[in-house]
Amino acid sequence: MSIPVTVVGIGKIARDQHLPAIAGNPDFHLAAAVSRHGTVEGVPNFTDFDRFLAEGPAGPVALCTPPSVRLEMALKTIAAGRDLLIEKPPAATLGEIETISAAARDAGVVLFATWHSRFAPAVAPARAWIAERKVERVTITWKEDVRRWHPGQAWIWQPGGFGVFDPGINALSILTEILPGAIHVGAATLEVPQNCATPIAAQLAMTARGTVPVAAAFDWRHEGVQTWDIEVEASGQRLTLGMGGAQMAIDGTPVDLPAEAEYPEIYRHFARLVAARESDADFAPLRLCADAFLVGRQVAVAPFTE
Ligand code: NAP
């Protein structure tokens with residue numbers, strides 16, 4: 001039987017990915033949309049979240065709103081006994097997602113805190129490749145043009161908006177998936193535009209498994225070739241994940257992978273979780289972000305204008 005799911009926050013990711021992924025998955029159908037400005041044809045639309053919860057169709061909720069407004073919406077969804085899928089980052093703080101997770105557990109509600117990049121085709125093979133080798137060094141380069149990918153999104157520059165960590169946390173979600181075990185942030189530099197609350201660039205020096213150096217460079221001012229790469233040196237070989245995990249090469253030789261299908265995979269996984277009444281909520285990427293903000297040195301840089 002197809003599960004009715006309601007998408008909340010009809011913005012870029014809802015339109016680009018969630019609505020097509022739901023339409024393409026026979027386990028789900030779109031029951032309603034909730035958004036103050038956006039609407040979706042063919043289903044009931046609600047501008048008020050509380051009214052949707054009280055009067056709207058039953059079934060799970062997919063929260064595609066910014067992280068700073070997740071806590072209240074997530075707790076209300078759980079209190080209504082509805083299963084819950086949330087976009088990354090799962091919340092604005094670790095404290096918030098811990099509260100959401102505990103509430104879901106207590107209510108017997110399924111919580112899926114998604115990390116879409118973990119469903120990129122190179123991630124599972126990279127994890128398997130790494131598991132058989134001794135990792136020596138990891139280098140993350142996540143450089144993109146914020147004007148191209150986040151036009152008009154004021155929330156990313158406000159407190160709780162993550163700044164360049166909004167895409168950077170995708171790299172951290174892959175890192176924590178392919179390199180299980182403790183990872184600590186030793187030092188970080190956060191470059192914050194004078195007119196913004198969140199960084200436009202960041203450099204992180206981390207250590208995995210006690211001794212493995214992991215360097216990450218995130219930059220939103222990058223206008224050239226857009227780069228989402230992770231390079232892993234292990235047992236004398238070099239694994240490269242390119243295009244956010246859509247590509248993989250070993251010592252420069254490309255590895256054949258299936259086509260990218262992150263959001264279809266997310267909804268397939270959600271269907272499995274709902275059927276099994278299990279949750280999937282890992283906060284490791286958010287913890288690394290939080291730690292970078294805790295130990296990071298803030299540097300003021302030129303104001304940002306769209
Ligand atoms: P977006 O285009 O700004 O859409 C977010 C939607 O949430 C808005 O359209 C807005 O719809 C609603 N919303 C509710 N409360 C809001 C508030 N206080 N401030 C701003 N919007 C509010 O953002 P997005 O790019 O879709 O990102 C949403 C989430 O998806 C983020 O957590 C982001 O990290 C994640 N994500 C984005 C991408 C991407 O490529 N953009 C990729 C993967 C994941 P109404 O105004 O109509 O209520």
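Both ligands and their constituent atoms are indexed starting at 1 by order of listing. Everything numeric in this text was worked out from a predicted model, so none of it was measured. Excluded from the calculations below are hydrogen atoms, water molecules and symmetry mates; all remaining heavy atoms, backbone and side chain alike, are included.
- Checking only distances, Ser35 does come within under 3.5 Å of ligand 1, N or O to N or O.
- Atom 8 (C) of ligand 1 has Gly11 CA, 4.2 Å as its closest protein atom, hydrogens excluded (heavy atom only).
- Between Asp166 and ligand 1, at least one pair of N/O atoms sits closer than 3.5 Å.
- When atom types are taken as modelled, the side chain of Thr207 and the backbone of Gly210 share no donor-acceptor pair closer than 3.5 angstrom.
- Electrostatic pairing of Arg148 and Glu144 does not count as a salt bridge here, judged by no charged N lying under 4.0 Å from a carboxylate O.
- Every atom of ligand 1 with a heavy atom of His37 under 4.0 Å away is listed here by number and element: 45 (P), 46 (O), 47 (O).
- Between Ala120 and Ala246 the shortest heavy-atom distance is CB-N, 4.4 Å.
- Note on ring orientation: taking the six-membered ring where Trp is involved, the planes of Phe119 and Phe112 are perpendicular (angle over 60°, cut-offs 30° and 60°).
- Residue-ligand proximity: Ser68 is placed with every non-hydrogen atom at 4.0 Å or more from ligand 1.
- Between Phe270 and Phe28, the distance from one ring center to the other falls under 6.0 angstrom.
- Closest to atom 20 (C) of ligand 1 among all protein heavy atoms lies Pro66 CG, 3.5 Å.
- Under the 4.0 Å criterion applied to side-chain N and carboxylate O atoms, Asp282 and Arg118 are assigned as salt-bridge partners.
- Residue-environment remark: CZ (Arg277) exceeds the threshold of 12 foreign heavy atoms within 6.0 Å.
- Checked against Met248 for a side chain to side chain contact (heavy atoms under 4.5 Å, CB included), the options Val123, Thr240, Val255 give a single hit: Val255.
- With a heavy-atom cut-off of 4.0 Å, Lys88 touches ligand 1 through backbone and side chain alike.
- With a 4.0 Å cut-off on non-hydrogen atoms, Arg36 touches ligand 1 through its backbone as well as its side chain.
- When hydrogens are left out, the protein atom nearest atom 27 (O) of ligand 1 is Trp155 CZ2, 3.6 Å; that is the closest non-hydrogen contact.
- At least one N/O-N/O distance between Ile13 and ligand 1 falls below 3.5 Å.
- The closest protein non-hydrogen atom to atom 14 (C) of ligand 1 is Thr65 CG2, 3.5 Å.
- Under a 4.0 Å criterion applied to the non-hydrogen atoms of Val69, ligand 1 contributes the atoms 15 (N), 18 (N).
- Within ligand 1, the atoms closer than 4.0 Å to a non-hydrogen atom of Pro89 are 32 (O), 34 (O), numbered from 1 in the order shown.
- Looking at heavy atoms from C-beta onward, Val7 lies in side-chain contact with Cys64 at the 4.5 angstrom threshold.
- The closest side-chain donor-acceptor pair between Glu177 and Trp115, if any, does not fall under 3.5 angstrom.
- Atom numbering of ligand 1 starts at 1 in the shown order; those under 4.0 Å from a heavy atom of Pro67 are 32 (O).
- For atom 44 (C) of ligand 1, the candidate residues are Arg15, Lys12, Glu87, Arg70; the nearest heavy-atom contact is made by Glu87.
- In this structure, the ring of Trp220 has its center no less than 6.0 angstrom from the ring center of Trp142.
- Electrostatic pairing of Arg221 and Asp145 does not count as a salt bridge here, judged by no charged N lying under 4.0 Å from a carboxylate O.
- Each of the atoms 47 (O) of ligand 1 lies under 4.0 Å from some heavy atom of Gly38.
- Counting only heavy atoms of the protein, atom 24 (P) of ligand 1 lies nearest to Gln153 NE2, 3.7 Å.
- Ranking protein heavy atoms by distance to atom 28 (C) of ligand 1, first place goes to Cys64 O, 3.3 Å.
- For ligand 1 and Tyr263, the ligand atoms under 4.0 Å from any heavy atom of the residue are 43 (C), 44 (C).
- Only the backbone of Ile10 comes within 4.0 Å of ligand 1, judged by heavy-atom distances.
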